[in-house]
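Contents: one structure, followed by commentary.
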There are 4 protein chains.
Amino acid sequence: MNTKRDQILDTALKLFVNNGFHATPTSKIAKDAGVATGTLFHYFKTKEELINTLYLETKDNLTNSLLENVNVQETLKAKFRQVFFNYIFWAVDHPNHQQFYTSYSNSPFITNLTKEHGLQRFQFIYELIEKGQDEDILKAVPIDLLVEAMQGLLNGIIKHLMENPEKMNEEKYQNDAFKLFWDTIKG
Amino acid sequence: MNTKRDQILDTALKLFVNNGFHATPTSKIAKDAGVATGTLFHYFKTKEELINTLYLETKDNLTNSLLENVNVQETLKAKFRQVFFNYIFWAVDHPNHQQFYTSYSNSPFITNLTKEHGLQRFQFIYELIEKGQDEDILKAVPIDLLVEAMQGLLNGIIKHLMENPEKMNEEKYQNDAFKLFWDTIKG
Amino acid sequence: MNTKRDQILDTALKLFVNNGFHATPTSKIAKDAGVATGTLFHYFKTKEELINTLYLETKDNLTNSLLENVNVQETLKAKFRQVFFNYIFWAVDHPNHQQFYTSYSNSPFITNLTKEHGLQRFQFIYELIEKGQDEDILKAVPIDLLVEAMQGLLNGIIKHLMENPEKMNEEKYQNDAFKLFWDTIKG
Amino acid sequence: MNTKRDQILDTALKLFVNNGFHATPTSKIAKDAGVATGTLFHYFKTKEELINTLYLETKDNLTNSLLENVNVQETLKAKFRQVFFNYIFWAVDHPNHQQFYTSYSNSPFITNLTKEHGLQRFQFIYELIEKGQDEDILKAVPIDLLVEAMQGLLNGIIKHLMENPEKMNEEKYQNDAFKLFWDTIKG
DNA sequence: AATGAATGAGCTTTCATTCAT
DNA sequence: CATGAATGAAAGCTCATTCAT
């Protein structure tokens, strides 16, 4: 359903990732998507609305993936491990979305409204960390610092993985990667 | 000397960081720098040459700072600590350069030639890590993974610092930050 | 139909003839044609494509005129006379096209592809000359020399006619002009 | 003497011929001539003054050549023959000057003043023709028509010669070429 | 005489957006 | 819903010319 709208979103994502926002003309998006220029503006009032929509849908997609198989009765470390690999596998499965997310989450094209909207969906991560600090499992440093550290570290690991995708399924690599992550945050 | 050229570089750096490459017209760079448009193109054949020059000069500046006060007879951990804080203090002292460096080091505007040229200057970091792995001080994981992890983590920490610059001088914060870093890489 | 495209072509022809290619800004073509600058580039990807299109359409127009009323059963001289006057009258009727054709047929703006494309349409002239040489009616000199001579002479005559258009209808002038031409090539 | 001025003139001639007036930046003329941009404007107030100077010096050069070895006591035909070959040999010896002359003698860059100045130097050709018409040797057609015809025909022959320079020294070719010319104008 | 850094008007071309069909 | 011709502001870049040295 709504094929044209989806074609536009898919095409735009790819082009924004590969060429950047300003280097991607709406005319090219329309052409590659196989629709008329007018059609793009029928679904999205402006180019900015298009990229904001893309951002929100990508974040939704990611957040849903992050929560998969996170089991309430597991240990905290097991939960973090699950979320960690959910993130990593999502990145590998959706390389364009992952690229898009890291490239544009701090860009000026994404309005503050969109960012806030997106932040709410990460609430549960904050709760997990706070709990970990209360129980003396995680480092007692400012939570924002911990979150930024995690985020940055994850970006680094994923960047490496993207350049070496064959490692993804090596058990040793997986353990190494998670150890990096867990050593960073554990108290 | 060569005031005009320097004014152009300074202004361009600021504008590229705040607005992005494509959202910064050369006309605005010239105007803000107080020179004619033609003058910009007198010193830099194209807008791309301008940003590549900026990248190289920034990287030079950073690399020189990283090596300051790194003492040969210190322990490896002490050396990493010194480099870590050299980076952090450089970032705080040159926020625009730091922003520019993280934003553009992976951008398509920076040609491969420029990137290679820049890479050579980080050689010594690789050597430090290899030595640490040989001596079983650092984690025995692929060196590229370790480098990306360090880089990503540092970006995260600096991002947090930029939003909370007053913490810079708190001793506890400094120790917290370095502990995050060291725990990540130590074996 | 396609009024805008035609307006652009007409206007460009006039301006290229009067001011030259480089001295004619696309902005002026658009303005004089009564369209937006973008419209010009909607129909012609570049200024060069515009002038090449103009060249091909002009050559088509000329070639078609040259062949009018050339009767198979006439003598060779009568055929040449017909072609001669077809050229002359075409030139008088389409002074801008004639000017354009002589000014730009050797210019670097016209690509080799366009030139070749245009050459094919003059094939029949070559055939006429060869037949004339075979029958000892025309001078036995290299055919290329004869063609260049004819072309050059015609240019000279037309140049004179353009400065004295009132002579066009004088029978004596017509006879004088053709005699110049025929004496040049007849054996 | 005045080496720089001459270098500029030589270089400009070559570049104007090969690329055209507007496609030749003064900066390139200066660079190719091995002088500073300012030097060019020291000798020629404007680019237009440069090309007008070039035109006048070229025309002088040509006119002088045309008159060489034209003997008063020869027949009219012999005189025309001499002038004809003077022109042709000059063209072959100075291909750039010849190209320059034909390309720019009708161009808008050459001011009317320059053109008039140049015309005077052709006075003797007119006198030769008038005498020929009085003596019933040349065609009794308007003199301007005859001049344009001669000029055009000569351009055609020279164009052919430029593309087949090896023919220059073939006696048959020379005779053919002059016969074309003489048949055109003789009564 | 000779230099070349500096100027800024003007060029070709791009592109987000509109709107009549 | 869908089209794509048309728009015109704005972009990167060029170039004839000036002028302090």
Do B:Gln98 and B:Met162 make a side-chain contact, defined as non-hydrogen atoms from C-beta onward lying under 4.5 Å apart?
yes
Checking C:Asn96 now: which residues fulfil side chain to side chain donor-acceptor pair (under 3.5 Å) with it, not counting sequence neighbours?
none
Short side-chain N/O contact from D:His42 to OP1 or OP2 of E:dA2, under 4.0 Å
no
Heavy-atom contacts under 4.0 Å between residues 29-36 of chain D and DNA chain F, which residues?
none
Contacts of C:Asn19 that satisfy side chain to side chain contact (heavy atoms under 4.5 Å, CB included) - sequence neighbours left out
C:Leu15, C:Ala23, C:Thr24
For C:Lys159 and C:Asn155, run side-chain contact (heavy atoms from CB on, under 4.5 Å): C-alpha distance rounded to whole Å, both residues' side-chain angles, the deciding distance at 0.1 Å, then the answer.
CA-CA 6 Å; C:Lys159 199 174 156 210; C:Asn155 287 154; over 6 Å; no
Separation of E:dT12 C1' from C:Ile51 CD1 (nearest whole Å)
15 Å
Side chain to side chain contact (heavy atoms under 4.5 Å, CB included) with A:Ser105: which residues, sequence neighbours excluded?
A:Tyr55, A:Tyr101
State which residues pass ring pair (Phe, Tyr, Trp, His ring centres under 6.0 Å) with B:Tyr104; sequence neighbours excluded, sorted by chain then number.
B:Phe100
Measure the distance from CG on C:Leu40 to C1' on E:dC15 and round it to the nearest whole Å.
16 Å
Please encode protein proximity along nucleotides 15-21 of chain F as a string of B, S and -, counting only heavy-atom distances under 4.0 Å.
SBBB---
Do any pairs count as a salt bridge (charged side-chain N to carboxylate O under 4.0 Å, His left out) and have a residue in residues 13-31 of chain A, sequence neighbours left out, and if so which ones?
A:Lys28-A:Asp32
When all nucleic acid strands are considered with a 4.0 Å heavy-atom cut-off, which category describes A:Phe44: base, sugar-phosphate, or nothing?
nothing
Name all pairs fulfilling the salt bridge (charged side-chain N to carboxylate O under 4.0 Å, His left out) condition that reach into residues 46-55 of chain D, sequence neighbours left out, sorted by first residue then second.
none
Nearest heavy-atom approach of A:Ile29 to A:Ile8 is CG2-O, 4.0 Å
Rounded to whole Å, the CD1-P distance (A:Ile8 to F:dC1) equals 12 Å
Can you check the A:Arg5 CZ to F:dT3 P distance for me, whole Å?
16 Å
How does DNA chain E look in dot-bracket form if you count Watson-Crick and G-U pairs under 3.5 Å, write [ ] for pairs that cross, and put | where a base pairs with another strand?
.||||||||||||||||||||
Ring pair (Phe, Tyr, Trp, His ring centres under 6.0 Å) contacts touching residues 14-41 of chain D (sequence neighbours left out)
D:Phe16-D:Phe21, D:Phe21-D:Phe109, D:His22-D:Phe109
Qualifying residues under ring pair (Phe, Tyr, Trp, His ring centres under 6.0 Å), relative to A:His97, sequence neighbours excluded:
A:His94
